[in-house]
Every structure is written in C-alpha cells, then in structure tokens.
Enquirer: 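One structure is given below, represented as structure tokens, and several questions about it will come after.
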Amino acid sequence: MIEFRDVSVTYPTGTKGLDGVSLTIPEGEFVVIVGLSGAGKSTLVRSINGLVPITGGSLQVGETDLSGIRRRSLRTLRSDIGMIFQGFNLVTRTSVMNNVLTGRLHSTSSLRSMLGWYSRADKEIAFDALERVGILEKAWVRASQLSGGQQQRVAIARALAQQPRVMLADEPVASLDPPTANAVMRDLQRINRELGITTVVNLHFLDLARRYGDRIIGMRAGKVVFDGTGAQADDAVFERIYGRSLTAEDVAAPGAPARAGTDAGAGTDAGAGADASTETGTGTRDGEPLDDAASTSPGSVQAAGTPRVASTPTDPAATP
Amino acid sequence: MTAPTQAHDGATGAITRAPRKPAPTAFTVIGLAAVLLITLWAGAGIDFTLAPLIHDLTRGEEVLRQFVPNWSFLGRDAVITASLTTLYMAIISSVIGCAVAMVVALLASKVSAPNAVVYQVAKAVMSAVRSLPDVAYGLLFVAFVGTGALGGMAALIMFNIGVAAKLTAESIDAVDPGPIEAVEAAGGNRIQRAFTAIIPQVAPNYFSYCFYVFELNLRASLVIGVVGGGGIGQTIMTELARFNYDNISAVIVLFIVVVFVLDRVSRAIRRRLT
C-alpha cells in the first residue's frame, strides 16, 4: 500500500512539484496518472521511490516512511520498486541480458557486480523476466539493435527482475508509436494482473488511461484534481485536468493541432498551428496519435490531441 | 547556350541585389595590428635573424657525416634489451596509469563523485598531477629511487594518470544520465552505479585514451631515458657521451619506425573502439 498524506515537493529552484497531495493506492491496483506536462505527474511517481525527495507531509510505501529516509533504507525500498522510463534508460552498448541483470543488483555484492559475475539464480530470474515480456531470444543481442518497443520491453524485464511489489512507469509510451504503445501498456497490465504488482503509470493520453487504468488520477499544478475510474473521467473531468474545455480544434483534422495547454506547454503556445511541421524531430511520432485516434471515438481524438501538443519533445534517437 | 547564359545572368542579379559584405570592424584591425607589433617587438628583443641558416649552412656537414647510421649497433644485446625495456615500461606504465586514472576520473566527475568535497579534491589532485611535464617526473623519481626502469615507470605512470584521468572524467561528465537513474531506481549502490551504468558507457572512449597514453609513453620513454629513467633513452645518452653519432642515428631511425608503426596500429584500434 502506498499512502500520500498531504505530501508536497518543492524543488530547489522554488518550483512546486506536488502541492498537498493525499492519496491511498492499495496493493495490486493499476493506477494511471494523467495531466499536462509540468502538472506534477512525474514528481508524484518519482517521490514513491525517493528519486525525488518529498519536502512536506508524509509518504508511506509498504512499511517504509519516506520522509528523512537514510540512503541505505532507501536502497532497500527501491529494490522492492521497479521503474520504467520514457527514454527506456538502457545501457545501449551492452547486451539485453546485462541490462536486465541490473534489476538484480540489489541482491548482488559490489564485488560481484564489478566483475559482472551474477549468480545462476539471478540469471534464471533475468531469463524469466525476458520470457514474460516475450523477448527471451534477444537476451544476448546488443540493446542498441532493438526497436523502441523492444527496448521498453527490456526495461520492463529489468524492472521485473527486481521481483518488485510496486511498478512505476514514467511516461512509458510517450516515445512509442500507437500500436507499440498499446502493446507495452498491455504488457504492463498483464504483469499487474498475473503477478499482482501495484502499478503506477504516468500518461499523456487520456484514452490510453481510460483503456488500461483501474483508476485514473488527474493532476493539475501539483494537485490531484480527479480521482476515479475511467468511466467517470468524462468531458467535465477533462476540463478540470487540462484546464479548458474541449474545443473544435481538438477534434479537427490532422495538420490543425490544438492550442497548447497552460502549464509547461506554454512554450509551444505561440504558433501552435505550425507545430506539426516545425517539430521535425518528433514529427512522425506526433503525427501518429491522430492517425490512431481517427479510427476510434471522437472522445479519443480529443484526448489524444491535447497531450500531443503539450508533450515535451523527446530524444529523436529514442523513437523507433 | 541560351539557358546557361540566362542562369548566369540570374546569378549576377542575385549578387548585385545581396547586401555588401561589411568592412572589418575596428576591433579586428586593431587586434591584428597588435599581434603584428608584439611579434616584431619580441623578435627584436632577442635579435632574431635567420642569417646563420644561410651563412653556416655547410658547418653541419662534418656532424652529419658522422650520423650515417651504424645498423650493426642495433643487433647488440644491450641495445635489444634496452629497446624491449622501453616497450615493457610503456606497457606496464599504461596499464597501471590508466587503471588508477579510471578511479581518479570517477571521483573527479560530478556524475559519479560521492559528494562535492571528494569531487573538488579529486579535481585539484588531477590538475596538480597534470601541472608537471614528463621530464620533471623523470628527474623527480630518478632522484627518489635512483636511475633505472623503476624511476622511469613511476614517472610515466604519474604522467599517464594526469592525461587519462582528465580525458576520462570529461567523458563521464557527458554520459547519458538515464541508465544511472535506472540503476539508482533499482536499488544499486554507488559502486554498482559506476560499474553497470557509467563504465560501460565510457568504455570505448576510455580504451581509446589508454591507447593514446601508450603512444605517448613510447615517445616519452626517450626523454625519460635521457634523465636516467632506463630504456633506450639511456642508451642514447651513453652513446652521445661517447660521440658515437652513427650508433645514435641507427637507434633514432629504429625509434621513428617503431613509433610510426605503433602509432598506426593504435590509431586503427582506437578508430574501431569509438
């Protein structure tokens, strides 16, 4: 169980990441957090494993209290929490297996990990994890040779190799094309169902959130503005999360992107109409959510349209 | 014929329409004048002249005649031993120097240093080590441990740490922070972070620096030998004292060939690494 009690995070720069968040996430739940860039989604997820230290309130993860936690106990806590990232965060010049074995570091001595000498049992766990995400045959391939979707699966296997009780995912599909994004989300969902691992996922896309989340938490300016099921996340909720109502632009055809949001998306505010053509690095990725959404309901179009503009450009090399 | 002419006319039109290139700024003009003046002033200060090159052109003839290489000198046991000593010294110094350099580099990068104090100290140590040139270390260690290979190697090792640690630390600074974050999130400690996330990323650059350092060592071994650090440099010193210029020139030619070949090999390997 993860329990936030009036948690706030203020960064050294003075930016407020979280502002009085109170939440309880029970064991085994699949929670999706949605919101604009800069709404505090990432801060929320990263506070759970202490990558971002909380500056107020109290945060309890299992039996561990995160306020003023010592380095050693933080490492113990982190060994129980798997995490996957938007940019996959693999060491691309080494093998898939070596990357997955990173998940076994917490039970490996420093000396053994210096020599890359993992125990037979740890290797077995790593192979199991790779099998679970369906890329066992890639075990000895260099990670850089895999596609984006495969790399994210390796990252999931790495997190699984930790045999965690909690799985965190910070924008796991933002660098992937829609079919791959859905495949990765399905993997996460399956793992959640099969192993009962509590899963907390950050997403830009409300339609993906609705499709996969048992529970959706909407965030805006560091505060929780919605907490409920996907079915409850209607247009009014959308407005609360994204700070405005749906406009005609949101459902317009590709090539006429919606206006950017308020928060961190402000940088793309001006000339939003030209975004699709100017953001060349992410152009293909940006274009695809619309193609995908066009085949689904208008609601999905709206959900996919807004975050697309609000999303921060990602490393083009990371896109498949 | 018509088409190219038209295209040419078009191009000319474009040039006349384009704004004129601005004249050099006063800063550029004054700066260039200053450089010129300082150079002339420095030259006048030491009565710089190239005249001896022409007047005394033939004076070196006598010396040069004595420099006809005595190839048989290279076959002597002592010379072969000294050459091999130089090679071994370069290898051992590179291995030890680079190993130590990796540790220093890990401490001297903000990415991998355990805290700000260690980082600052390591940085200071690194610049202190780098402030002395190889000859200075040679003189220092020969004074400490006496003439011979040990002093020479100690000198080369210090010199190598200075070079390799700085270059490696800079590579570590530029490493992708993603994998480091992943190792931290997986509960890895600092050593694990260094060995699983940082070193694999800098490995190609690091090995390239190691080969570079090896090249430097071969070259430096000559100077190190001159100050008593053992190896082929010492042989050169001895022969120089005996005015055996023919022997020296044979060694020098050998040296040039060896350095050239190793340089090529090492460069080929380095290219493959990065």
Side-chain angles (χ1 to χ4, degrees), chain A residues 45-46 48-52 71-95 98-118 142-143 154-155 158-162 164 166-168 170 315 317-318, chain B residues 95-96 98-107 109-119 168 171-210 269-274:
Chain A
V45 161
R46 277 153 200 262
I48 295 172
N49 66 353
L51 280 181
V52 172
R71 234 191 123 75
R72 185 175 286 270
S73 4
L74 187 59
R75 281 213 309 272
T76 314
L77 174 73
R78 283 174 180 173
S79 65
D80 260 350
I81 305 175
M83 184 161 187
I84 64 173
F85 306 84
Q86 175 178 353
F88 322 136
N89 288 4
L90 303 179
V91 180
T92 49
R93 48 180 331 116
T94 184
S95 70
N98 274 339
N99 274 289
V100 177
L101 282 166
T102 304
R104 297 308 303 160
L105 285 177
H106 62 80
S107 65
T108 307
S109 71
S110 295
L111 187 67
R112 270 175 170 265
S113 45
M114 278 166 83
L115 303 168
W117 187 27
Y118 293 91
R142 220 170 123 122
V154 174
R158 174 176 64 190
L160 276 182
Q162 286 177 242
V166 178
M167 178 79 97
L168 306 176
D170 191 9
D315 178 13
Chain B
V95 169
I96 297 176
C98 289
V100 177
M102 177 52 102
V103 178
V104 177
L106 283 168
L107 297 177
S109 167
K110 273 206 169 119
V111 176
S112 48
N115 58 53
V117 178
V118 172
Y119 165 72
T168 310
S171 290
I172 294 175
D173 284 340
V175 119
D176 173 13
I180 299 173
E181 194 181 28
V183 170
E184 274 183 358
N189 62 28
R190 282 204 191 89
I191 292 173
Q192 293 173 329
R193 189 173 64 176
F195 275 80
T196 55
I198 298 172
I199 293 179
Q201 287 194 67
V202 296
N205 284 334
Y206 171 69
F207 287 125
S208 160
Y209 302 146
C210 291
I269 295 172
R270 280 203 279 148
R271 209 176 309 132
R272 235 158 239 220
L273 283 172
T274 41

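The sequence lines fix the lettering, A, B, ..., with proteins before strands; numbering per chain opens at 1. When reading the values below, keep in mind they use all heavy atoms of this one structure, side chains included, and skip hydrogens, waters and symmetry mates. These figures come from a predicted structure and were not determined experimentally.
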Enquirer: At their closest point, which heavy atom of B:Ala185 faces which heavy atom of A:Met83, and how far apart are they?
Expert: CB-CB, 4.1 Å
Enquirer: For the atom pair CG (A:Asn89) and CD (B:Glu184), what is the distance rounded to the nearest 0.5 Å?
Expert: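 Rounded to the nearest 0.5 Å, the CG-CD separation comes out at 11.0 Å.
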Enquirer: Could you check if a side-chain atom of A:Ser110 sits within less than 4.5 angstrom of a side-chain atom of B:Arg190, using non-hydrogen atoms only?
Expert: no
Enquirer: What's the separation between atom CD1 in B:Ile191 and atom CE in A:Met114, rounded to the nearest 0.5 Å?
Expert: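 That separation rounds to 6.0 Å.
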Enquirer: Is A:Arg104 close to chain B through its backbone or its side chain, or both, or neither, when contacts mean heavy atoms under 4.5 Å?
Expert: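 Contact with chain B: none, neither part.
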Enquirer: Can you measure from NE2 (A:His106) to CG (B:Asn189) and round to the nearest 0.5 angstrom?
Expert: 12.5 Å
Enquirer: Calculate, to the nearest 0.5 Å, the distance between atoms CZ and CG belonging to B:Arg193 and A:Leu105 respectively.
Expert: 12.0 Å
Enquirer: Is chain B contacted by the side chain of A:Ser109, its backbone, both, or neither, given a heavy-atom distance below 4.5 Å?
Expert: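 The backbone, not the side chain.
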Enquirer: Which answer fits A:Arg72, side chain, backbone, both or neither, if we ask what part of it has an atom under 4.5 Å from a heavy atom of chain B?
Expert: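 Neither; nothing under 4.5 Å.
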Enquirer: With a 4.5 angstrom heavy-atom cut-off, could you sort out which part of A:Arg112 is near chain B: side chain, backbone, both or neither?
Expert: neither
Enquirer: Rounded to the nearest 0.5 Å, what separation is found between the CG atom of B:Asp176 and the CG atom of A:Leu90?
Expert: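 Going from the CG atom of B:Asp176 to the CG atom of A:Leu90 covers 10.0 Å.
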Enquirer: Can you confirm whether more than 12 heavy atoms, excluding those of B:Tyr119, are under 6.0 Å from its OH atom?
Expert: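 Counting neighbours around OH of B:Tyr119, more than 12 heavy atoms of other residues, nucleotides or ligands fall under 6.0 Å, so yes.
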Enquirer: Report yes if some heavy atom in the side chain of B:Thr196 is under 4.5 Å from a heavy atom in the side chain of A:Val91; otherwise report no.
Expert: no
Enquirer: Considering all heavy atoms of both residues, which atom of B:Gln192 and which atom of A:Thr108 are nearest to each other, and what is their separation?
Expert: NE2-O, 2.8 Å
Enquirer: Would you mind checking which part of A:Leu51 comes under 4.5 Å of any heavy atom in chain B, side chain (CB onward), backbone (N, CA, C, O), both or neither?
Expert: side chain
